[in-house]
Amino acid sequence: MANLGAKPIRTFNDLKQFEAEMPLRDRLPETSILDVFINSAERAPNATAMTMLMTGAADENPHDISYRDLLGQIRRAANLFAHIGGEAPGVAFMLPALIETHVTLWGAETAGYAIPINFLLQPESITELLKASGAKILVALGPHPQLDIWEKALKICEQIPGLILVRVSPPGSPKVEEVIDFASAVMGQPNDHLTFGPPRSGDDLAAYFHTGGTTGVPKLVAHTHHSQLVAAFGGATMCGYTSEDVLTATFPLFHVAGTIVAGLSGFMAGIKLLVMTPAGLRNPAAIKGFWRLVSDHKVTLVAGVPTAISAVLQTPVEHYDISNVRAGLTGASLLPPAVGQKFKNVSGKPLFEILGMTEASGLISIDPPSGQGTTGSVGWALPYTQVDILKFNAAGKLGEECSVGEIGIIAIRGEHLSPGYSDAAYNEGVFLEGMLNSGDLGYKDAKGCLYVAGRSKDLIIRSGHNIDPTMIENAMTAHPAVAVAAAVGMPDAYAGELPMCFVQLHPASDVCVNDLIDHAQKAIDERPAWPKIIEVIEEIPLTSVGKIFKPKLRCDAAKLVISKLLSEELGLTGSKVIVTTGGPRGLSVNVLLLPKYQSSTTAVEKALSSFLFEFRIQVRKVVDF
């Protein structure tokens, strides 16, 4: 059974002492994901592992599952997958947040390997992912009035002959020919042992997670049992999880945050997950009733992406007792300082940031919630792992370590690293002889705390959703009028970033922006990737070697957003906005107000504090623009 330590990690010295007390192999004897559930069931068989809320309504009777029953269901699912899929089958699933989703995920990893799928993707994209992963089984939600998962699953099966379809539906649903009913099929399997031999373990493949958006060529990250166990162990220790904790489970299980830090880490420590409806915090009822649910279920840890946290903070706490909350946890995208401050004002507790990455089995560093918290920091590297800030050398490769406060590339070492992508061609420049080049820019302070300053890679992160700009650019350049397209993230107070696309038209082309928007929405599979704004410009800026120069476009996008906010929302016409790249948060914004708007400085500061960039507000003494 994992040894999570006798006391919580509060400081960097605590972390170093924890590592010095014994080696990782002595602290983490588990070799299989199934071991986590066996150990938790032995420790407290009747303890509640998950509480499932279907609606979030005040009169709902939630469904609990104990650690003993969860272990039994995972064994049943593993036996089923081995029975219908053969040796070590690939099991893809398209499911919202349900107890059955956890059973499917961990059962798949026990018998073979899991392929969690974002069911919001289009069927064509999912089909390519399943083909690349070698999936033999697809577990999908049955017909649902609000979700089209089942319709997508049927289309996918038409494109992949031999794919075994398993349906998750309420009891009593009518049978469908050549479709396996999950509920009845798992009950036909034993729950006290595995029928196919020992579980998958160690360096065996546990899962493929798709990442970086869908560009037509799937990019699947491999996780092993050991890599997930090391990451989960790090999450449990750094978060200080105990069996007394109740965590709001709001991350989807196709995202590594839901799988590891808000999943396996918790199960390792014996906590209770409160699954806040199948749609999580996309459900308006869950948002509206959030603090009531926190009070009713005595939640100790509030977790969610920054946009979700921001949404629940719009709901008054009213008379509800939230005194059990000891901390908030957030990740998947950078936290706007204003959201962190508001969470503290509302709950009386800090909101602690977590840095994760699919290629590091979901976790890199955590600002430990048992500590004091460091505003803007993502804390320290997981125990027994290493995070360095490295310079680019003259050859364009990672070189020596940066000094304190100096911005460089975040590089990670440790046994939690993925062995690589399913297509090894993607490994170059990312997996480097035991080190992971995150592509993120960051720095450390004198206490060793890690800060994220931006991204050297071009991913657009919208509310924790990774959007590959290539997908947008490829779609836009398919339009006959478009010569060049460049997609960047434009700042957004709610989502962190929204996709924006600059386009350069062919000479003599005649097309309106509405036509381009219509084309984008038809050509781009992922709805979150639809450009919020398409801006036609005379010429896309290029570097001396002919590559698109995106830093200028990011500045232009930010300038457009801020200028519009100042003039249209705040009525401060004539204000000047200067945006430059660099600084601790990637972009630096300087707002120059006319003298007559001096009294509006506080309003501008409040409006800009919700964004992720650094900013400065000045009032010009002399009007020269």
### Query
Can Asp181 and Lys175 be said to form a side-chain contact (heavy atoms from CB on, under 4.5 Å), step by step?
CA-CA 7 Å; Asp181 178 70; Lys175 292 183 178 181; over 6 Å; no
Give, for atom [atom1] of [X] and atom [atom2] of [Y], the distance between the pair rounded to the nearest 0.5 Å.
X: Ile38; Y: Ile33; atom1: CD1; atom2: CD1; result: 11.5 Å
X: Leu301; Y: Ile271; atom1: CG; atom2: CD1; result: 7.0 Å
X: Thr374; Y: Leu450; atom1: OG1; atom2: CG; result: 11.0 Å
X: Leu229; Y: Leu28; atom1: CG; atom2: CG; result: 5.5 Å
X: Glu244; Y: Lys272; atom1: CD; atom2: NZ; result: 11.0 Å
X: Leu273; Y: Ile99; atom1: CG; atom2: CD1; result: 10.0 Å

### Query
How far apart are the C-alpha atoms of Asn324 and Val299, what are their side-chain angles, what is the distance that settles it, and do they pass the side-chain contact (heavy atoms from CB on, under 4.5 Å) test?
CA-CA 6 Å; Asn324 287 296; Val299 168; over 6 Å; no
Side chains of [X] and [Y]: does their closest heavy-atom pair fall under 4.5 Å?
X: Pro419; Y: Leu205; value: no
X: Thr31; Y: His225; value: no
X: Phe93; Y: Val168; value: no
X: Pro23; Y: Asp26; value: yes
X: Thr315; Y: Phe290; value: no
X: Val339; Y: Ser610; value: no
X: Asp14; Y: Lys7; value: yes
X: Thr195; Y: Pro190; value: yes

Under 3.5 Å, is there a donor-acceptor pair between the side chain of [X] and the main chain of [Y]?
X: Glu19; Y: Tyr384; value: yes
X: Thr250; Y: Ala303; value: yes
X: Ser361; Y: His223; value: no
X: Thr330; Y: Gly304; value: yes
X: Asn39; Y: Asp35; value: yes
X: Arg167; Y: Val179; value: no
X: Glu30; Y: Ala2; value: yes
X: Thr237; Y: Leu4; value: no
X: Thr127; Y: Ile156; value: no
X: Glu60; Y: Gly56; value: yes

Take the angle between the ring planes of [X] and [Y] and call it parallel below 30°, perpendicular above 60°, tilted in between.
X: Trp291; Y: Phe343; result: tilted
X: Tyr113; Y: Tyr208; result: perpendicular
X: Phe254; Y: Phe119; result: perpendicular
X: Phe267; Y: Phe37; result: tilted

Do you know the tightest heavy-atom contact between [X] and [Y]?
X: Ala78; Y: Phe196; answer: O-CE2, 3.6 Å
X: Gln372; Y: Pro350; answer: O-CG, 4.4 Å
X: Val139; Y: Phe182; answer: CG1-CD1, 4.5 Å
X: Leu247; Y: Ala262; answer: CD2-CA, 3.8 Å
X: Leu351; Y: Gly340; answer: CD2-CA, 4.2 Å
X: Ile364; Y: Val387; answer: CG2-CG2, 3.6 Å

Has [X] got more than 12 heavy atoms of other residues, nucleotides or ligands less than 6.0 Å from its [atom1]?
X: Arg282; atom1: CZ; result: no
X: Gln314; atom1: CD; result: yes
X: His83; atom1: NE2; result: no

Do [X] and [Y] pair up side chain to side chain, a donor and an acceptor below 3.5 Å, judged on atom types alone?
X: Gln341; Y: Asn345; result: yes
X: Asp64; Y: Thr51; result: yes
X: Arg43; Y: Ser40; result: yes
X: Asn46; Y: Ser66; result: no
X: Asn3; Y: Arg27; result: yes

### Task
Take His210 and Asn118, measure what side-chain contact (heavy atoms from CB on, under 4.5 Å) needs, and give me the verdict at the end.
CA-CA 9 Å; His210 59 88; Asn118 180 351; 3.7 Å; yes
### Task
Verify side chain to side chain donor-acceptor pair (under 3.5 Å) between Asp245 and Thr300, making sure each step is shown before the conclusion.
CA-CA 6 Å; Asp245 277 320; Thr300 62; 2.7 Å; yes
### Pair Val36-Trp106, side-chain contact (heavy atoms from CB on, under 4.5 Å): steps then yes or no
CA-CA 10 Å; Val36 172; Trp106 308 120; over 6 Å; no
